[in-house]
Amino acid sequence: MRNIININKNWEFIKEGKSSTVDLPHTWNGKDGQDGGNDYYRGTCIYKKSISKAELPEGEKFYIQLDGVNSSSKVFFNNKEIIVHHGGYSTFRTCLEDISDENEIKIEVDNSPNDFVYPQQADFTFYGGIYRDVSIIGVAKNHFDLDYNGAPGIMVTPKVNGKDADIEMQAFADGEVKFEIIADGEIIKTVSASGKNPKASVKIENAHLWNGTIDPYLYTLKACLIIDSKAVDEVSTRFGIRSFEVNAQKGFILNGKEYPLRGVSRHQDRPDIGNALLPEHHKEDIDLICEMGANTIRLAHYQHSQTFYDLCDEKGLVVWAEIPYISRHMPNGVENTKTQMTELICQNYNHPCIVTWGLSNEITMGGAGDKSLISNHKMLNDLAHSLDKTRPTTLAALTMCGIDEEYVHISDILSYNHYFGWYGGNVSMYGPWFDAFHKKYPDKAIGISEYGCEALNWHTSAPEQGDYTEEYQAYYHEEVIKQIIDRPYLWATHVWNMFDFAADARSEGGENGMNHKGLVTFDRKYKKDSFYAYKAWLSDEPFVHICSKRYVDRVEPVTKITVYTNQNEVELFANGVSAGKQKKDKYPFFYFEVKNEGETKLTAKAGECEDTAIIRKVETFNEEYRMAEEGAVINWFEIDTPAGYLSINDTLGDIMATFRGKLVLLSMIPMLKKALSSTDDKSKEEKSKKSGTGFSVAGFKINKTMLDIAKGFALKRAFSMLGGKFTKEQILGLNKKLNKIKKK
């Protein structure tokens, strides 16, 4: 029978000629991949370990298994190269041969840029290292296949049939295989089959269904390989029996009942350790997601740990699993997308939590008309269906990608990444956009794969798009939640993101190297107010939460207090005096106005639940609550905003609504062309003209959605996102011109 040992301890790690001793999991980018500057080390490092023959597990043959090495690796055994693997997020194995009394394992790990391994361009850090477990498997000469795409050696396909279930099983081995199905610790079915990769089937009467978070029941399938009447190898997997459908009108349907998928996306990294997680980290993440009440997770943008998929099985969370085919199509990376999709499906086929395979994410950043991109998606779509006939394919499309593009209609189901109200546009655009898609393509299931905005420990009583305050993030999510509630046809919605995560190229919000769109902070220690907005909507666990607890000092004489609860009624008290009682209508968000005098203790009561907060009247705004802006980005107090007149704080749409405002914007065009001019842009423009495709940006035809997004930008924010292309003097000069123009 097989024996497995973990060999995570005591590896020699060599980076740029310097040696140290490390335990796995490990990354060399735990610090420099999180501090900003886009200058983290991307290159080749070496891991070495000595292992004696006596230390190996019992067996006739030996395999080394690596659960995650980012992103390319060469494995050597006693100085002989035994495998090369490209792809940083999947399991791979190879056989160890010519074993001596003393042996050396050497692994060269490379996360340097190239044009053939995904991901290469994306808004997250590509941590280098051996960041998941490494083990050695000892097996008999005859054993379940360990060479097939890192897969577990058995495959189980349950199919609901009335109250019963038909279970199809396949073992990847040569010989007689005895299959046993176990429920609640008892063997309930036994069947044997023989031959090359033998198959068998059984019926389970009165099957206990895997029913999402309501009842995530799991069976176990055990397979035993019999050679000459002797058991020589054994493997097992858990599985769940469920039926599901994605309906373009009713959304997601689980076991015959409508089951709206409402949840989050997850990046896995953490402070200092990057992706080198331990089991307790995965458990903490899953517990926070469940506390919020989510029932689905989009596991972005790569294959996650088996530990986490197992937890999703156990908790009943429905999963979108995808490969890191992201941002930029690389013609030389076609084979790598095929390999990563094959590994994703083969390694995770048995997980009942997974309901769809994601083909790509925002891959049309360079345009949607690339023939190689289209053909690659068709190949991946066919590949996914050939490997798994039970699950649909999906993809996450970029806002700029028009709904009529061929690319959008390749996968079985579809979701869009939209950031209306953050990267332009306004938060009210979600519902109308999806209604327009749904009207034009009523038979295509549509969902939201990403939406969100950033928040740090900045605060205001007048939140606005782009201010990075906790108050604007809470307002934003309240408004999107309202629009989702009113549209049950959305098959799934996934907040971007559950947790803040590292993106070393970023410089936003006052903290470099981070994407702060999480509902929970990077260290998992603080749940932002928006977390509780979702808990109020999705969770059945009684609670009440007063928002803006970190925003104590306030200047206004009367201040707004927002309260979230999933109870039917809430009452707010200020220093023991009731500020009002409100009953829940359609949405679980409650707004009160409270006099701000001296120090006030706020108490919210909802059913048996209670929460408290403190506010304090001050004469001048506490600058610790305001993000300090640098460079050509203008501080708020430098901007003249005369009442009734335009300023750079107004949106492009409001400025364009006036004739003189249009003239001011037109006066910017020469400066803008000069700031953004490049040979590549000019060549693209000429190519566009020659092809007769009309005006386009980065290969996208300008459409109404893109124009609406642009109109939603405050001019000040547009300047900030241009990254210093304009001087402070130029910006303030334009503000003076706008100050002379009356608002419409």
Side-chain angles (χ1 to χ4, degrees), residues 27-29 32-34 36-45 68-74 84-90 92 108-131 265 267-269 274-275 299-304 321-344 358-368 370-377 379-380 395-398 400-401 407 417 449-450 496-497 501-507 513-515 678 680 684 698-700:
T27 178
W28 61 74
N29 297 126
D32 66 355
Q34 302 178 350
N38 199 29
D39 55 356
Y40 64 102
Y41 182 80
R42 296 187 66 182
T44 299
C45 295
V69 183
N70 198 47
S71 57
S72 293
S73 54
K74 292 180 181 178
V84 176
H85 185 261
H86 297 298
Y89 303 96
S90 54
F92 62 101
E108 294 181 359
V109 183
D110 183 8
N111 72 333
S112 59
N114 60 64
D115 67 350
F116 65 95
V117 181
Y118 285 96
Q120 290 298 325
Q121 178 182 325
D123 186 27
F124 58 95
T125 296
F126 311 142
Y127 298 97
I130 304 178
Y131 69 96
S265 295
H267 267 303
Q268 61 187 350
D269 60 329
N275 290 342
L299 290 179
H301 290 296
Y302 39 76
Q303 185 169 332
H304 285 234
E322 67 188 29
I323 61 172
Y325 184 26
I326 180 171
S327 301
R328 176 170 61 95
H329 173 70
M330 302 185 299
N332 290 339
V334 169
E335 186 61 31
N336 188 246
T337 64
K338 181 179 180 180
T339 300
Q340 292 206 48
M341 181 62 76
T342 299
E343 291 175 336
L344 176 71
L359 304 181
S360 64
N361 176 74
E362 295 188 347
I363 199 65
T364 60
M365 280 190 170
D370 187 322
K371 291 183 179 180
S372 175
L373 180 152
I374 297 296
S375 64
N376 197 36
H377 278 79
M379 177 274 290
L380 289 173
L395 55 82
L398 182 68
M400 292 185 294
C401 189
Y407 154 82
N417 296 353
S449 37
E450 291 183 23
W496 190 261
N497 197 286
F501 59 92
D504 198 51
R506 278 187 168 253
S507 178
M514 298 297 301
N515 187 312
S678 70
D680 288 343
K684 284 181 181 178
F700 287 98

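Values reported hereafter were calculated over all heavy atoms of this structure, with side chains retained and with hydrogens, waters and symmetry mates removed.
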To the nearest 0.5 Å, how far apart are [atom1] in [X] and [atom2] in [Y]?
X: H304; Y: L344; atom1: NE2; atom2: CG; answer: 10.0 Å
X: L395; Y: N361; atom1: CG; atom2: CG; answer: 9.5 Å
X: L359; Y: M341; atom1: CG; atom2: CE; answer: 5.0 Å
X: I323; Y: S90; atom1: CD1; atom2: OG; answer: 10.5 Å
X: R42; Y: D110; atom1: CZ; atom2: CG; answer: 9.0 Å
X: I363; Y: C401; atom1: CD1; atom2: SG; answer: 11.0 Å

Checking the side chain of [X] only, and the main-chain atoms of [Y] only, is there a donor and an acceptor separated by less than 3.5 Å?
X: S372; Y: P331; result: no
X: S327; Y: Q121; result: yes
X: W28; Y: Y41; result: yes

Those residues that, when tested against Y40, pass ring pair (Phe, Tyr, Trp, His ring centres under 6.0 Å) (two or more places apart):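 Not a single residue meets the ring pair (Phe, Tyr, Trp, His ring centres under 6.0 Å) criterion with Y40.
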Non-neighbouring partners of H267 that pass ring pair (Phe, Tyr, Trp, His ring centres under 6.0 Å), sequence neighbours left out: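 Result, ring pair (Phe, Tyr, Trp, His ring centres under 6.0 Å) vs H267: F124, H301, Y302, W496, F501.
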pair [X]-[Y]: side-chain heavy atoms closer than 4.5 Å:
X: P119; Y: Y89; result: yes
X: N275; Y: T27; result: no
X: Y407; Y: D370; result: no
X: M365; Y: L398; result: yes

My understanding is that only residues two or more places apart in sequence, or in another chain, count here; which of them pass salt bridge (Lys or Arg N to Asp or Glu O under 4.0 Å) with [X]?
X: E343; result: none
X: E362; result: none
X: D504; result: none
X: R506; result: D123, E454, E508

Nearest non-hydrogen partners of S265 and S449, listed with the distance: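 Between these two residues, the closest heavy atoms are OG-O, 3.7 Å.
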Distance-minimising heavy-atom pair for G128 and N111: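 That closest heavy-atom pairing would be N-ND2, 3.3 Å.
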Tell me every residue that passes side chain to side chain contact (heavy atoms under 4.5 Å, CB included) with [X], counting only those two or more places apart in sequence or in another chain.
X: N376; value: Y325, H329, V334, T337, M379, L380
X: F116; value: H86, N114, N332
X: S507; value: N512

All side-chain hydrogen bond (donor to acceptor under 3.5 Å, both in side chains) counterparts of [X], not counting sequence neighbours:
X: D269; answer: Y127
X: Q340; answer: N336
X: E335; answer: none

